[in-house]
2 protein chains.
Amino acid sequence: MVEHEDRLSRVFSALADPTRRDMVARLAAGDATVSELAAPYDVSLQAVSKHIQVLEEAGLVSRSRDAQRRPVHLDAEVFDLMTKWIERYRQQAEERYQRLDALLDRMQGREQDLTDRRNEGAAG
Amino acid sequence: MVEHEDRLSRVFSALADPTRRDMVARLAAGDATVSELAAPYDVSLQAVSKHIQVLEEAGLVSRSRDAQRRPVHLDAEVFDLMTKWIERYRQQAEERYQRLDALLDRMQGREQDLTDRRNEGAAG
DNA sequence: ACCTTGTTCAACCAAAAGGTTGACAAAGCC
DNA sequence: GGCTTTGTCAACCTTTTGGTTGAACAAGGT
């Protein structure tokens, strides 16, 4: 839709592809050239080259030069961006859940069903 | 490409969209109905309905029923899946980086350039 | 200079994503 | 019963994505 979306979108989008996730997994064990990366997959070298481009645009990898080879290196810092985003909302959701639990404790004597949990969540 | 891809692909793919990420952020503060969720965005209710479906298929949200309303609820557990994946490879990459550092320490007297760092990473 | 190896660029294609509008279902309100 | 609210289904359109092939570029090796 938008030509160049925000960082987080590109990172999540890059990792949404299983082939690219697998490549990241392998790069975590050490740098690799394009053909080394391509070896296990049943697709053209060009397709792999494109995948690496996507990872690079997401800031997940960087490429150097070694003669004709273009070694691909995993840049782990971007992971922090994701982790922060995830943790933020997970914590928020968990805190909310705990507040709900506490509320349920306080009114445990009353005959209320789960609908109350949900309603409190939406309103509070 | 594949009709129903693995869980992780669907989760990352779902969060690759900024609108959906925003919806998740808002749901972390409490459940909401479809129209409540749709309100801030300049798109049709149908488009929002589709977004919610994507989040649901990714296991990020679930829907209950309250009269005509379909309250959307954030399921935080799926976040663990992502976090685990991310942490695994980040740690691996960091450990590798530290081993490289240690290696560099041991051979600090020699006149070696960064190429050695890269080569060790690819071969080891 | 020429060949080989490693990688990218360009054009093209099919499928998926994200949006639209129109019709319809489901449940409360008058 | 009929209207209104809330949401989904279906058909359609456009852009993006992930793949293809063929040509080209880059940098040693001989």
Side-chain angles (χ1 to χ4, degrees), chain A residues 1-6 8-24 27 31-58 60-73 115 118-119 122, chain B residues 1-6 9-24 27 31-58 60-73 115 118-119 122-123:
Chain A
M1 204 107 289
V2 189
E3 200 187 312
H4 66 278
E5 286 181 323
D6 62 303
L8 213 42
S9 293
R10 283 199 297 264
V11 176
F12 278 126
S13 184
L15 294 178
D17 185 283
T19 302
R20 283 195 294 260
R21 259 195 334 272
D22 189 55
M23 284 168 47
V24 166
L27 286 168
D31 298 4
T33 68
V34 178
S35 6
E36 280 167 358
L37 279 174
Y41 315 116
D42 195 24
V43 295
S44 68
L45 206 61
Q46 290 95 319
V48 172
S49 187
K50 277 194 197 178
H51 277 309
I52 296 172
Q53 234 170 284
V54 173
L55 289 172
E56 190 175 34
E57 275 156 23
L60 280 159
V61 306
S62 54
R63 278 180 285 188
S64 46
R65 182 169 269 293
D66 171 22
Q68 319 99 297
R69 269 144 261 126
R70 307 293 310 275
V72 182
H73 173 76
T115 309
R118 288 290 125 83
N119 287 343
Chain B
M1 202 104 288
V2 189
E3 199 189 310
H4 67 279
E5 286 183 325
D6 62 305
S9 293
R10 281 199 298 265
V11 175
F12 278 126
S13 183
L15 295 177
D17 186 282
T19 302
R20 283 193 296 257
R21 255 188 344 267
D22 189 55
M23 284 168 46
V24 166
L27 286 169
D31 298 4
T33 67
V34 178
S35 8
E36 280 167 359
L37 279 174
Y41 315 116
D42 195 23
V43 295
S44 67
L45 203 64
Q46 288 96 321
V48 172
S49 187
K50 277 195 195 177
H51 278 310
I52 295 172
Q53 235 170 281
V54 172
L55 290 172
E56 191 176 34
E57 274 157 23
L60 280 159
V61 306
S62 54
R63 280 179 283 188
S64 45
R65 182 167 269 293
D66 171 23
Q68 320 98 297
R69 269 143 262 126
R70 306 293 311 273
V72 181
H73 173 76
T115 309
R118 288 290 125 83
N119 287 343

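Rounded to whole Å, the distance from CG on Leu15(B) to C1' on dG18(C) is 16 Å. Atom CG in Asp42(A) sits roughly 11 Å away from atom P in dG19(D) (whole-Å rounding). To the nearest angstrom, C1' of dT8(C) lies 11 Å from NZ of Lys50(A). Going from atom CG of Leu37(B) over to atom P of dT6(D) covers 14 Å, rounded to whole Å. Atom CG in Leu45(A) sits about 8 Å away from atom P in dT8(C), given to the nearest Å. The distance between atom CZ of Arg63(A) and atom P of dT7(C), rounded to the nearest whole Å, is 10 Å. One can place CG of Leu55(A) at 13 Å from P of dT17(D), the figure rounded to the nearest angstrom. Here the C1' atom of nucleotide dC9(D) and the CD atom of Glu56(B) are 15 Å apart, to the nearest Å.
Across Ile52(A) and Val61(A), no two heavy atoms sit closer than the pair O-CG2, 4.0 Å. Of all non-hydrogen atoms in Leu55(B) and Ala14(B), the two that sit nearest each other are CD2-CB, 4.2 Å. Across Ser13(A) and Arg20(A), no two heavy atoms sit closer than the pair O-NH2, 3.4 Å. Scanning all heavy atoms of the two residues, the minimum distance from Glu57(B) to Arg10(B) falls at O-NE, 3.2 Å.
Side-chain proximity of Gln53(B) to dC9(D), dT8(C), dG19(D): nearest is dC9(D).
Both Val43(A) and Arg70(B) lie close to DNA chain D; mapped to their nearest nucleotides by heavy-atom distance, the more 5′-ward contact belongs to Arg70(B).
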One pair to check against side-chain contact (heavy atoms from CB on, under 4.5 Å): Leu15(A) and Leu60(A). What are the steps and the verdict?
CA-CA 9 Å; Leu15(A) 294 178; Leu60(A) 280 159; 3.9 Å; yes
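Judged purely by distance below 3.5 Å, without hydrogens or angles, the side chains of Ser49(A) and Arg70(A) never pair a donor atom with an acceptor atom.
For His51(B) and dG19(C), the shortest distance from a side-chain N or O to OP1 or OP2 is below 4.0 Å. Between Ser49(A) and dT8(C) there is a side-chain polar atom (N or O) within less than 4.0 angstrom of OP1 or OP2.
Thr33(A) comes within 4.0 angstrom of the backbone, heavy atoms only, and of no base.
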Does the protein touch nucleotides 21-30 of chain C at the base, only the backbone, or not at all? Give it as B, S and - per nucleotide, heavy atoms under 4.0 Å.
BB----BS--
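Taking five base pairs at each end of the helix from dA1(C)-dT30(D) to dC30(C)-dG1(D) and finding the rotation axis that steps the C1' atoms of four pairs onto the next four gives two axes whose angle is 10°, to the nearest 10°.
With hydrogens and angles ignored, the 3.5 Å screen pairs a side-chain donor or acceptor of Ser9(B) with a backbone N or O of Ala16(A). In this structure a side-chain-to-backbone donor-acceptor pair under 3.5 Å is missing from Arg21(B) to Met23(B).
A salt bridge does not link Asp31(A) with Arg69(A): none of the charged nitrogens is closer than 4.0 Å to a carboxylate oxygen.
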